[in-house]
Amino acid sequence: MKKIITLSMLFAATALFAQEEAPEKKLSISGSIDAYYQTYLTAPDNEEVSFGTAFAGQSGFALGMGNIIASYEGGKVGAVLDLVTGPRGEGATFNSDIVDGIVNQAYVYWNVSEGTTLTFGRWNTFLGYEVIAPAANFNYSCSYLFSSGPFSHMGLKADFTLSEDWSLMLAITNPWDTNDVSGTGEYALGAQLGFYGQYLNLYYDSGEHDGLGFEIDYTGGFDLSDSFFLGINAAYNDNDGSGFYGAALYPQLATSDSFSIGLRGEYFALHSDAPNAVEPSVFATTLTGSYTVENLIIKPEIRLDSWSDSMPYIDSDGMASDNLAAFTLAAIVTF
C-alpha cells in the first residue's frame, strides 16, 4: 500500500509539474475601422476623379475598411488571421483572391529558436514605408511607391535575428500579387537586411505573366529629436527595361501628446528603354494632422499632386490638367 501511495503521489506531482510547464496559449482580437470625407479643390466631385494611388479614391463620405485580426500565440508556434471588408480591403485583396477578397493575412509561424522564425501563408509585404492598415500610417492617403509595389505575398519566409541591431529575412513566394494560387509554375524571391532600424529590401520575379520584375527598396527613418522624426523611402523597379523609381520623405513633428503634424513629399517617375517613350513623373505633397482621443485618430489632410509630361486629371471646367488637389478628413478607431 505504501508503494502504491508513493507512486500515486509521484504521478500527481509529475502531472502538476507538466501543467505548470505547459506554455500558456493566448488568443487576442484586434482591428480597426475607418471612414473619411473627401472633396477636390481643383476638380469637380462628381466626375470620379482620383489621384491614381491606392485607396481613398472617392469623393464625399466614404468607408475605408474594417478589419479584425485574430492572433494565436502558443509556446513556439502561432497563427494570425486578418479579415478585411470595405473598399480599402477590396483594393488590398483585389476582391478576387482567397474567399472573395476578405482575407488580408492568414499565416502560421514557428519560432524555431530564439533568433529564427519561419512564417508560412499569406502576409503583408516587407517592401515600402507604408502599409495597408490606415492606423499604422501617418498619412491617410497612400504614396505612389506603396501603390506600385506588392501588397501581400503568399509563401514561406525565414526571419533571423543576427544581433541586437542586425536582422535578415529570406522568402520564396508566388509571383507579384498572386496571393491565392500560382498557375504559372514560377516563384518570386525576397530578402530584407535590417540594420539599426534601417531596411534594405530586395524582390525578384521573372516579370512575365504580369509580374513585377526586380525591385530594390530602402525604408527607414531617424529620430532627430524627442519630438521630430524623419521617415525615408526610396525604390527602383525594372521589368525588361521599363518600370518606376522614386523617393519620399516623411518629416513628422509631435506638438503635444495628442497632436502631430507631418508632411509627405514624394517624387515618382516611370522609365522605359523603348524608343521615344514618354516618361512622366509626379511630385506629390501631402500635409496631414493627427489628433488622438483614446482609441480614435482624426486626420485632416491636404494633398497636391503635379505631373510632368502627363495630364491625367481634369480641372474645375472639365479640361485636362496636370495637377489635382484635395482635402480629406478621416477618422480611425483601433481596438
Side-chain angles (χ1 to χ4, degrees), residues 26-38 50-51 53-58 60-73 78-109 117 119-143 145-155 157 159 171 173-174 176-180 219 231 262 264 286 288 290-301 328-335:
K26 299 178 181 179
L27 180 64
S28 61
I29 304 295
S30 61
S32 67
I33 298 174
D34 68 281
Y36 66 95
Y37 171 80
Q38 184 164 259
S50 71
F51 289 103
T53 52
F55 319 138
Q58 297 173 269
F61 293 100
L63 174 67
M65 78 174 193
N67 76 309
I68 297 179
I69 305 171
S71 302
Y72 165 79
E73 182 180 356
V80 171
L81 178 61
D82 180 356
L83 303 179
V84 294
T85 187
R88 193 179 184 109
E90 176 183 340
T93 61
F94 310 110
N95 198 32
S96 60
D97 53 56
I98 306 183
V99 197
D100 296 327
I102 67 169
V103 178
N104 182 29
Q105 300 184 94
Y107 60 84
V108 298
Y109 64 87
T117 299
T119 302
F120 198 0
R122 170 174 168 152
W123 26 274
N124 289 159
T125 188
F126 55 95
L127 293 159
Y129 183 88
E130 300 176 11
V131 296
I132 293 171
N137 293 331
F138 190 90
N139 306 101
Y140 186 72
S141 64
C142 292
S143 69
L145 288 173
F146 170 79
S147 304
S148 301
F151 290 162
S152 300
H153 306 275
M154 182 75 183
K157 68 173 181 174
D159 289 280
T173 69
N174 288 343
W176 178 42
D177 286 336
T178 306
N179 294 324
D180 45 7
T219 300
R264 177 180 62 213
T286 306
T288 307
S290 183
Y291 179 67
T292 303
V293 181
E294 295 182 352
N295 292 345
L296 171 65
I297 308 172
I298 301 173
K299 290 184 179 290
E301 182 171 286
T328 307
L329 180 64
I332 308 164
V333 168
T334 60
F335 56 88

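Residues: numbered from 1 along the sequence shown.
Listed by chain and residue number, Y40 satisfy the side-chain contact (heavy atoms from CB on, under 4.5 Å) test with S50 (two or more places apart in sequence, or in another chain). Partners of R88 under the salt bridge (Lys or Arg N to Asp or Glu O under 4.0 Å) rule, at least two apart in sequence or in another chain, do not exist in this structure. The ring pair (Phe, Tyr, Trp, His ring centres under 6.0 Å) check on Y36 picks up Y140, with sequence neighbours excluded. Every residue was checked against the ring pair (Phe, Tyr, Trp, His ring centres under 6.0 Å) condition with F120, not counting sequence neighbours, and none meets it. Listed by chain and residue number, S28, I69, V80 satisfy the side-chain contact (heavy atoms from CB on, under 4.5 Å) test with S71 (two or more places apart in sequence, or in another chain).
More than 12 heavy atoms of other residues, nucleotides or ligands sit less than 6.0 Å from atom CD1 of I297.
A donor-acceptor contact shorter than 3.5 Å links the side chain of E301 to the backbone of S141. Under the 3.5 Å distance criterion, the side-chain polar atoms of N124 are left unmatched by any main-chain donor or acceptor of S152. Using a distance-only test at 3.5 Å, with no hydrogens or angles considered, a donor-acceptor pair links the side chain of S147 to the main chain of A54. A donor-acceptor pair is defined here as one N or O able to donate and one able to accept, closer than 3.5 Å; such a pair exists between the side chain of N137 and the backbone of V131.
For the atom pair CZ of F151 and CZ of F55, the computed distance is 4.5 Å after rounding to the nearest 0.5 Å. Between the CG atom of L83 and the CG atom of N104 there is a distance of 9.0 Å, given to the nearest 0.5 Å. Rounding to the nearest 0.5 Å gives a distance of 6.5 Å between OG1 of T119 and OH of Y107. Atom OG of S143 and atom CD of E130 lie 3.5 Å apart (nearest 0.5 Å). Note: R122 CZ to M154 CE = 8.5 Å, rounded to the nearest 0.5 Å. The distance from atom CD1 of I68 to atom CD1 of I102, rounded to the nearest 0.5 Å, is 10.5 Å.
Between T286 and N139, the side chains place no donor N or O within less than 3.5 Å of an acceptor N or O (distance only, hydrogens not considered).
Contact between A171 and W123 at its shortest, heavy atoms only, is CB-CH2, 3.9 Å. Here the shortest heavy-atom pairing between L63 and G86 reads CD2-CA, 4.0 Å.
Taking the side chain as every heavy atom from C-beta outward, P87 and M65 never approach each other to under 4.5 Å. In this structure, the side chains of F146 and I132 come closer than 4.5 Å at one or more pairs of heavy atoms.
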Which is it for T125 and H153 under the side chain to side chain contact (heavy atoms under 4.5 Å, CB included) test, yes or no, and what are the steps along the way? CA-CA 6 Å; T125 188; H153 306 275; 2.8 Å; yes
Between K299 and S290, is a side-chain hydrogen bond (donor to acceptor under 3.5 Å, both in side chains) present by the stated rule, with each step listed? CA-CA 5 Å; K299 290 184 179 290; S290 183; 3.2 Å; yes
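Note: Y72 and Y109 fail the aromatic proximity criterion, with ring centroids not under 6.0 Å apart.
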For residues 328-335, run the donor-acceptor check on the side chains, cut-off 3.5 Å, and write out each pair with its distance to 0.1 Å, sequence neighbours left out.
| residue | atom | partner | partner atom | Å |
| --- | --- | --- | --- | --- |
| T328 | OG1 | Q38 | OE1 | 2.7 |

